[in-house]
Amino acid sequence: MRIAVVGTGYVGLVTGTCFAEVGIDVTCIDIDSKKIDNLKQGILPIYEPGLEEMVLRNSQKERLSFSTNLAESVQGCQVAFIAVGTPPGEDGSADLKYVLAVAREIGRSMTDYLVVVTKSTVPVGTAAKVRNAIREELEARGANIPFDVASNPEFLKEGAAIDDFLKPDRIVVGVDSERAEQVMSKLYKPFLMNGHPLIFMDIPSAEMTKYAANAMLATKISFMNDIANLCEIMGADVNMVRKGIGSDARIGNKFIYPGIGYGGSCFPKDVKALIKTASENGYSMEVLKSVETVNDRQKSVLFNKVMNYFSGDLSGKTFAVWGLSFKPKTDDMREAPSLVIIEKLLEQGAKVKAYDPVAMKEAKHSLGDTIEYGKDEYETLIDADALLLVTEWPEFRSPNFAVVNKLMKEKVVFDGRNIYDAREMEEKGFTYFGIGVKQAMVPQQTKETV
Ligand SMILES: NC(=O)c1ccc[n+]([C@@H]2O[C@H](COP(=O)([O-])OP(=O)(O)OC[C@H]3O[C@@H](n4cnc5c(N)ncnc54)[C@H](O)[C@@H]3O)[C@@H](O)[C@H]2O)c1
C-alpha cells in the first residue's frame, strides 16, 4: 500500500514514520523546503523519543521518503492524510486555511481513486468542506475521479508519540462509504494485532470525538488545579486528596495531578475551538469556559507564590528555572506555562537562568537573550535566590540536593509540579512551596499511613 501524509510536523512525521515501520510506502510532504531538505539528510525538525532512529531506518529501507511536491507524491497513493496545523483564528475558532489549501491541491493533482483523510484536529463539518474543495477542483479540471473523505483524529501524546501510534488505546475513523472503510481497515490492520480497537463511526462523530477527548482531559486538569488551590487555603494536602479520589475506579488516578496549568499546541486551542463551535451554533459550553478561566489563573500561581515570598519585590533577584517545554520529553514550547512565568519574572526586574534538557533551542525563538541558559540544571543555581521547577523532566526528580543547597544563595524551592516531598525538602534545609500543599498544616502521620 502507498500513502501520502501532507504536513510533516509532530503529527505528520510520527504518522508517516509509524506507517512506514509496518511496511507501508509513505511519502511525507511539507511546504517547508528546509524541513524537507533536513529530513532527507536525517535531520529531524522536532524532538520525540525514538523518532530519529525510526525515521533513519525507514528512510534507508526506502519505505519513507520526503518531498515538497504534493502533486507528484499523491500519484499511485490510495490514501492521503492531511496533517497540517489548525491554529486558533483571532476569534478562537480553528483556522482551516491550511487544511483546505491541501484539499484543493489534492483535487488539482489526483488521478485515481483516493481516500482523503483529515488527521488534523478539525471541527465538525470540516470533512464536508474538504470534500467540496476537492470536488470543485476536479470539476474545474473536468475530471471525473472518484474519491472519499474520512476523519481519523490523532490521539498521540508528544513525548510518547511512537508508542501511542503503534499501540493505540483506540483508532477512531469516521467514514461514509464502504469503500473508504475497507481501505482504512486494511491500512490500520497491522496496528490491531494486540487487540487495539478500530472504531468506525460517522464523520461528524469522529470529528467531535477528538475535541471531546481533549476537552475532558483539560477539564480534569483544571478541576484538580481548582481543588489544589482550595486545599492550600483550607490546610489540606492535594497529594493526599489525589490518592484518595484516584483509587475510585470511576475517577481513576490518571491526569489528576495539580500543576501550573495546561499548555501545548492542543488543549488550549482545542478547548477554545469547541467553545467557539458551540457558540456559533447557539450553545454555551459553561464547563469549558470555566476550564479556561481556571487554567489562565493557574499559569500565575507559581509566580504569585514567588511574589508573596519576596514581599512583592523581585528586582535584582535571580531565579533558576528548571524545564521550559510545556511538558517533559518534548521540545514543544507552544503555550508553555514557562513563558508566562518567565515573562512575569522579567517584568519585575528579576534575572532568570533556565535549563531544559531539549527545549532550549526552541525556547530561544521566543525568549532570545532575555534570559541566561545553563549548560546543565546545576549551573542555573549558582547564586540563585530561588529555584522554580516548571517542567517535570525525569532527570529533575532526584537531583543531588547537597549540591543544590550549596550552589543556591537562598534555599527556596517553588515546585510547580509537586515532584518533591514537602517534608523531605524541609529536612534538607529548603523552604519549599508546592501546589495545593500547605506545609505547616500537613499532618505527618497521614502521609506515613498512605
Ligand atoms: N502535536 C500534537 O501533539 C497533536 C496531537 C494530536 C493532534 N494534533 C493536531 O494535528 C494537527 C497538526 O499538528 P502538529 O503539532 O503536527 O503541527 P505542526 O505545526 O508541528 O506541523 C504542521 C506542518 O504542516 C505544514 N504545512 C502547512 N501547510 C502546508 C501545506 N499546504 N502543504 C504541506 N504542508 C503544510 C507546516 O509546514 C508544518 O510542518 C493539528 O490540527 C493539531 O491540532 C496535534
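All values below come from the heavy atoms of this structure, side chains included, with hydrogens, waters and symmetry mates left out. Quantities reported herein were computed from a predicted structural model and do not represent experimental measurements. Atoms within a ligand are numbered from 1 in the order they appear, just like the ligands themselves.
Near V102, the atoms of ligand 1 lying under 4.0 angstrom from a non-hydrogen atom of the residue are 30 (C), 31 (N), 32 (N). For ligand 1, the atoms closer than 4.0 angstrom to any heavy atom of A83 are 12 (C). Residue contact check: S120 has heavy atoms under 4.0 Å from atoms 10 (O), 11 (C), 41 (O) of ligand 1. Listed by atom number, the atoms of ligand 1 under 4.0 Å from K269 heavy atoms are 42 (C), 43 (O). Atom numbering of ligand 1 starts at 1 in the shown order; those under 4.0 Å from a heavy atom of K35 are 38 (C), 39 (O). Taking every heavy atom of V6 and a limit of under 4.0 angstrom, the matching atoms of ligand 1 come to 32 (N), 33 (C). Against a heavy-atom cut-off of under 4.0 Å, K210 is close to the following atoms of ligand 1: 6 (C). Residue-ligand proximity, L156 to ligand 1, at heavy-atom distances under 4.0 Å covers atoms 3 (O), 5 (C).
Side-chain N/O atoms of Y355 and D376 include no donor and acceptor closer than 3.5 Å. Under 3.5 Å, the side chains of Y47 and D332 contain no donor-acceptor pair of N or O atoms. A donor-acceptor contact closer than 3.5 angstrom links the side chains of D202 and S205. Of the N and O atoms on the side chains of Q298 and N229, at least one donor lies less than 3.5 Å from an acceptor on the other residue. Donor-acceptor pairing under 3.5 Å is recorded for the side chains of W322 and T380. Donor-acceptor pairing under 3.5 Å is recorded for the side chains of D91 and S93.
Remark: minimum distance from atom 22 (C) of ligand 1 to any protein heavy atom is reached at G85 N, 3.7 Å. Scanning all protein heavy atoms for the shortest distance to atom 41 (O) of ligand 1 gives T86 OG1, 2.6 Å. The single protein non-hydrogen atom nearest to atom 6 (C) of ligand 1 is E154 O, 3.2 Å, given as residue, atom name and distance. In this structure, the protein non-hydrogen atom closest to atom 34 (N) of ligand 1 is I31 N, 3.3 Å. Scanning the protein heavy atoms around atom 37 (O) of ligand 1, the nearest turns out to be D30 OD1, 2.6 Å. When only non-hydrogen protein atoms are considered, atom 26 (N) of ligand 1 lies nearest to V84 CG1, 3.6 Å. Counting only heavy atoms of the protein, atom 3 (O) of ligand 1 lies nearest to E158 OE2, 3.2 Å. At the top of the distance list for atom 13 (O) of ligand 1, counting protein heavy atoms only, stands V11 CG2, 4.1 Å.
Between the side chain of K327 and the main chain of E158, a donor-acceptor pair closer than 3.5 Å is present.
Judged by a 6.0 Å distance limit and a 45° cone about the ring axis, R179 is positioned over the six-membered ring of Y113. Cation-pi geometry between K353 and Y373 is not met: the NZ or CZ atom fails to fall both under 6.0 Å from the ring centre and inside 45° of the normal.
At a heavy-atom cutoff of 4.0 Å, ligand 1 is contacted by the side chain of C266 but not by its backbone. Contact annotation: for E105 versus ligand 1, there are no heavy atoms closer than 4.0 Å. Residue contacts with ligand 1, taken as heavy atom pairs separated by less than 4.0 Å, do not involve A101 at all. Proximity of R334 to ligand 1, defined as any heavy-atom pair under 4.0 Å, is confined to the side chain (atoms from C-beta onward). The residue K157 has no part lying near ligand 1, judged by heavy-atom distances below 4.0 Å.
Two residues are said to be in side-chain contact when any heavy atoms from C-beta on lie closer than 4.5 Å; E392 and Y257 fail this criterion.
With D164, T121, D95, V122 as candidates, the residue nearest to atom 9 (C) of ligand 1 on a non-hydrogen basis is T121. Nearest-residue assignment for atom 24 (O) of ligand 1 (options S67, G7, P87; heavy-atom criterion): G7.
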Exercise for review: Determine, stepwise, if the pair T111 / Q75 fulfils side chain to side chain donor-acceptor pair (under 3.5 Å).
Suggested key: CA-CA 7 Å; T111 50; Q75 306 309 319; 2.6 Å; yes
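A centroid separation of less than 6.0 Å is found between the aromatic rings of F19 and F81. Here Y262 and F326 keep their ring centres 6.0 angstrom or further from each other.
Checking only distances, Y10 does come within under 3.5 Å of ligand 1, N or O to N or O.
Checked against V301 for a side-chain contact (heavy atoms from CB on, under 4.5 Å), the options K305, K299, R297 give a single hit: K305.
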